[in-house]
Number of protein chains: 2
Amino acid sequence: MKKRVTIQDLAKELNTTPSTVSRALRDLPGISEAMKEAVRELAKKYDYQPNAIASGLRSGKSNTLGVIVPRVNRDFFSSVISGIEDVVFEAGYNVIICQTHDRLEKEQQYINTLLNGRVDGILVSLGLETREHCHFEKVVEAGISLIFFDRVCEEMDVTKIMIDDFDGSFKAVSHLVKMGYNRIAHFGGPDFLNVYRNRKDGYIRALEKSNLKIDERIIIQNDLTVEAGKRDAERLMKMDNPPDAIFSASDYSALGALLYLKEKTYEIPDQIGVVGFSNEKFTSLIDPGLTSVDQHSDELGKYCAELFLEEVNRGAGNFVPRKIILNPKLLIRRSSQRKVKI
Amino acid sequence: MKKRVTIQDLAKELNTTPSTVSRALRDLPGISEAMKEAVRELAKKYDYQPNAIASGLRSGKSNTLGVIVPRVNRDFFSSVISGIEDVVFEAGYNVIICQTHDRLEKEQQYINTLLNGRVDGILVSLGLETREHCHFEKVVEAGISLIFFDRVCEEMDVTKIMIDDFDGSFKAVSHLVKMGYNRIAHFGGPDFLNVYRNRKDGYIRALEKSNLKIDERIIIQNDLTVEAGKRDAERLMKMDNPPDAIFSASDYSALGALLYLKEKTYEIPDQIGVVGFSNEKFTSLIDPGLTSVDQHSDELGKYCAELFLEEVNRGAGNFVPRKIILNPKLLIRRSSQRKVKI
DNA sequence: TCAATTTACACAAACGTTTGTATTTGTTGG
DNA sequence: CCAACAAATACAAACGTTTGTGTAAATTGA
């Protein structure tokens with residue numbers, strides 16, 4: 001086990017001091033070019049690697065960014081993460097990824113761990129259980145930059161970046177209407193999360209605009225899993241007056257519905273249309289292809305990262321929190337393209 | 001911006017010293033129960049949070065584990081990561097996830113970053129480009145525990161954990177043979193990676209055992225993407241003597257093949273069978289369902305994590321590197337279940 | 001030529017812990 | 001009652017950087 005060479009070792013060999021070596025390595029002013037060159041050369045010779053921990057302790061900066069998401073195995077989130085990583089890694093930051101599995105407790109735990117680890121910033125997309133936000137207040141109090149994306153905490157005065165869920169829903173439902181569906185059900189998530197409330201509102205607005213009746217009995221709130229989708233599709237289809245289309249706020253419950261409907265040999269899209277949300281990879285692979293709303297996840301991640309970098313570079317005080325809303329895009333696939341309009 | 005309370009603040013208020021407080025908090029012997037209680041109480045009162053950076057600097061332990069994978073948006077990897085996280089988080093470790101996107105350069109970069117960040121261990125699954133391993137030697141030299149999973153570096157004398165790719169392939173191909181297919185093509189990856197070499201060997205062995213001819217022309221090496229699958233399926237089907245089944249070392253290229261075949265209206269599985277590898281989520285969603293080999297990804301992640309914990313607890317010297325091989329499981333879906341045996 | 005300024009470096013403290021050792025206090029046995 | 005010992009705590013150094021300040025030498029300007 002090789003002992004790692006430190007700044008002090010370099011200084012000793014050059015008959016100088018750690019401070020000079022440190023400044024030389026970072027190319028700070030006040031050091032002669034000759035000395036800088038000598039330091040760089042020796043550092044290279046010994047393959048000197050700075051101790052990020054020591055540096056972090058002294059400077060108060062860890063060059064690490066924490067990212068908290070419900071789960072990494074959602075294409076949406078893993079794609080956002082890729083976007084974030086691409087940008088911040090270039091700027092010399094590490095990324096710590098934390099999965100809450102939609103559990104509030106995990107979220108709180110991770111916030112603590114990240115604060116203890118002295119990350120320079122935290123990017124969060126809320127879990128399904130999160131209705132309070134005192135754990136996030138701690139982040140702000142600690143002077144650490146906090147940015148929400150997608151599922152945001154609206155009460156907090158920090159930067160948020162999301163997509164226009166209302167608009168995405170509105171487009172999706174308007175498309176269904178245009179295809180001739182006129183009794184459109186909705187699967188939504190908890191109302192306290194911006195994304196699900198807005199998706200529902202967009203759905204309602206689109207119906208209103210088309211003078212279609214809003215029927216609370218076919219607006220269903222569930223946990224947006226495949227299983228919930230199956231279960232609630234069954235419930236809907238067994239009603240006296242079943243819907244002729246389902247617009248789900250999640251691709252997963254849309255998939256559940258689709259699987260149920262296929263099993264029961266409903267004709268999709270002719271008999272019943274299905275539309276999801278998020279443009280998960282599988283939506284283009286299944287049969288029929290599932291119409292969905294793309295959230296520009298990669299772009300969103302990059303944007304998040306850039307905002308974070310700007311915020312840390314400007315210092316907490318000199319940065320005005322902002323809200324950024326990206327326009328989503330409806331991707332029409334076969335599950336909603338009725339050939340025969342009734 | 002609230003100043004964080006330190007061990008020294010607590011010591012001052014209790015008229016004692018930092019060392020006593022530190023030991024009290026960690027419940028070390030040599031401190032009276034009364035003092036421990038007082039310290040704990042005050043720590044709670046001020047919501048004292050230990051500075052992990054300072055602790056890491058002094059103790060030489062960062063309580064962080066680095067995980068390097070080709071990409072997080074593969075179900076296999078994201079599931080392994082979940083397994084790892086579940087286990088090590090309980091033990092007080094953080095996880096830093098790094099994506100190489102199968103690029104050697106990224107892999108080397110991340111190794112450096114993790115070493116600088118003084119992680120306590122690194123778990124790696126190799127990228128497709130990795131043929132050398134001096135960047136991993138550095139990890140061992142630094143005395144940091146290194147564990148490979150799935151795509152391992154065979155030359156290195158460290159713990160490796162993988163699935164029995166040979167066996168998985170053998171099972172898959174034997175199944176195809178049993179279903180009556182007798183000209184089975186193979187999509188594989190680079191031979192220098194254990195997983196692809198073994199999958200190919202298993203394929204060959206299964207053919208040999210069934211006295212089927214090995215035809216090099218229908219053993220194809222590509223980059224295992226969907227596109228490659230499409231392209232090479234086309235190539236195969238345009239041969240004079242096309243195969244009646246394709247066994248792919250990756251679900252993605254199997255999917256590509258399947259999409260091409262469906263587009264050309266080949267009957268799957270009757271005219272041609274398709275089998276993939278990894279049991280990606282989409283395999284059960286597409287139509288027809290894609291037969292695939294499950295790698296127990298979650299279990300594998302947990303196992304990795306447990307081995308890491310054992311290794312750090314025992315200290316680098318007192319741990320015998322080992323090789324662990326999990327048995328994979330063939331999941332038979334419709335894409336290979338011929339109703340009519342020819 | 002000499003004070004004023006600049007340049008290049010050295011010195012030392014600090015970041016918040018952990019840990020080995022010294023010291024104080026209290027307890028025990030002969 | 002005092003040496004011997006154990007228990008509880010204090011002291012101080014250390015981890016490897018960064019950074020504010022001090023200081024000598026080199027440079028400048030009149």
Side-chain angles (χ1 to χ4, degrees), chain A residues 1-40 42-43 46-64 92 115-120 142-143, chain B residues 1-40 42-43 46-64 92 115-120 142-143:
Chain A
M1 176 162 152
K2 235 166 28 185
K3 213 174 144 286
R4 305 194 60 151
V5 38
T6 71
I7 270 191
Q8 317 207 34
D9 300 328
L10 298 183
K12 204 166 288 170
E13 180 144 348
L14 289 169
N15 286 316
T16 180
T17 61
S19 56
T20 301
V21 174
S22 171
R23 285 187 247 252
L25 285 169
R26 283 174 299 152
D27 202 25
L28 295 184
I31 306 290
S32 67
E33 200 44 54
M35 176 63 92
K36 283 184 182 174
E37 194 43 54
V39 168
R40 278 193 285 258
L42 199 69
Y46 288 144
D47 189 28
Y48 165 75
Q49 299 287 351
N51 184 325
I53 302 249
S55 159
L57 176 59
R58 174 60 233 232
S59 66
K61 281 207 57 187
S62 61
N63 278 293
T64 301
L115 286 179
N116 294 355
R118 302 304 194 269
V119 293
D120 297 330
Chain B
M1 176 162 156
K2 235 168 25 186
K3 217 177 142 282
R4 303 196 63 152
V5 38
T6 72
I7 271 192
Q8 317 207 32
D9 300 329
L10 298 182
K12 204 165 290 172
E13 180 143 348
L14 289 168
N15 286 317
T16 180
T17 62
S19 56
T20 300
V21 175
S22 171
R23 286 187 245 253
L25 285 170
R26 282 173 300 152
D27 202 23
L28 294 183
I31 305 290
S32 67
E33 200 44 54
M35 176 63 91
K36 283 183 182 174
E37 194 44 54
V39 168
R40 278 192 285 260
L42 199 68
Y46 288 144
D47 188 28
Y48 165 76
Q49 300 287 351
N51 184 326
I53 301 251
S55 160
L57 177 59
R58 173 61 231 230
S59 67
K61 281 206 58 187
S62 61
N63 278 292
T64 301
L115 286 179
N116 294 355
R118 304 303 195 271
V119 293
D120 298 330

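Note: hydrogens, waters and symmetry copies are ignored here, and every other heavy atom, side chains too, is used. The sequence lines fix the lettering, A, B, ..., with proteins before strands; numbering per chain opens at 1.
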With a 4.0 Å cut-off on heavy atoms, is B/Asn116 in touch with a base, just the backbone sugar-phosphate, or nothing at all?
nothing
Measure the distance from CG on B/Leu14 to P on D/dA8 and round it to the nearest whole Å.
17 Å
Side chain proximity check, A/Arg118 to B/Arg4, heavy atoms < 4.5 angstrom:
yes
Touch class at under 4.0 angstrom, heavy-atom based, for B/Ser32 against every strand present
sugar-phosphate
Quick one: pull up CD in A/Glu33 and CG in A/Asp27 and give me the separation to the nearest 0.5 Å.
7.0 Å
Quick check: do B/Ile7 and B/Leu25 have side-chain heavy atoms less than 4.5 Å from each other?
yes
Categorize A/Leu57 for me: base, sugar-phosphate, or nothing, with a 4.0 angstrom heavy-atom threshold over every strand shown.
base
Any side-chain heavy atom of A/Val21 within less than 4.5 Å of one from A/Lys36?
no
If we ignore hydrogens and angles and just use 3.5 Å, is the side chain of B/Asp120 paired with the main-chain N or O of B/Asn63 as donor and acceptor?
yes
5' precedence on DNA chain D between A/Thr20 and B/Met35 (nearest-nucleotide basis):
B/Met35
Regarding B/Thr17, tell me which of base, sugar-phosphate or nothing describes its non-hydrogen contacts under 4.0 Å with the strands shown.
base
At under 4.0 Å between heavy atoms, what does B/Asp9 touch on the DNA or RNA strands: base, sugar-phosphate, or nothing?
nothing
Just the endpoints, please: which first and last nucleotides of DNA chain C, 5' to 3', lie under 4.0 Å from a heavy atom of chain A?
C/dA8 to C/dG16
Please round to the nearest 0.5 Å and tell me the distance separating atom CG of A/Leu10 and atom OG of A/Ser22.
11.0 Å
Looking at every strand, decide which applies to A/Ser19 at a 4.0 Å heavy-atom threshold: base, sugar-phosphate, or nothing.
base
Separation of B/Glu33 atom CD from D/dT9 atom P, in whole Å?
11 Å
Any side-chain heavy atom of B/Leu115 within less than 4.5 Å of one from A/Gln49?
no
Just by distance, do the side chain of B/Thr64 and the backbone of B/Ser62 share a donor-acceptor pair under 3.5 Å?
yes
5′-ward residue of the pair A/Arg58/B/Leu28 relative to DNA chain C:
A/Arg58
Hey, is the main chain of A/Ala52 close enough, under 3.5 Å, to the side chain of B/Asn116 for a donor-acceptor pair?
no
Give me the bend of the helix from C/dT1-D/dA30 to C/dG30-D/dC1, using the axes of the five pairs at each end, rounded to 10°.
40°
Donor/acceptor link under 3.5 angstrom from A/Arg23 side chain onto base of D/dG20
yes
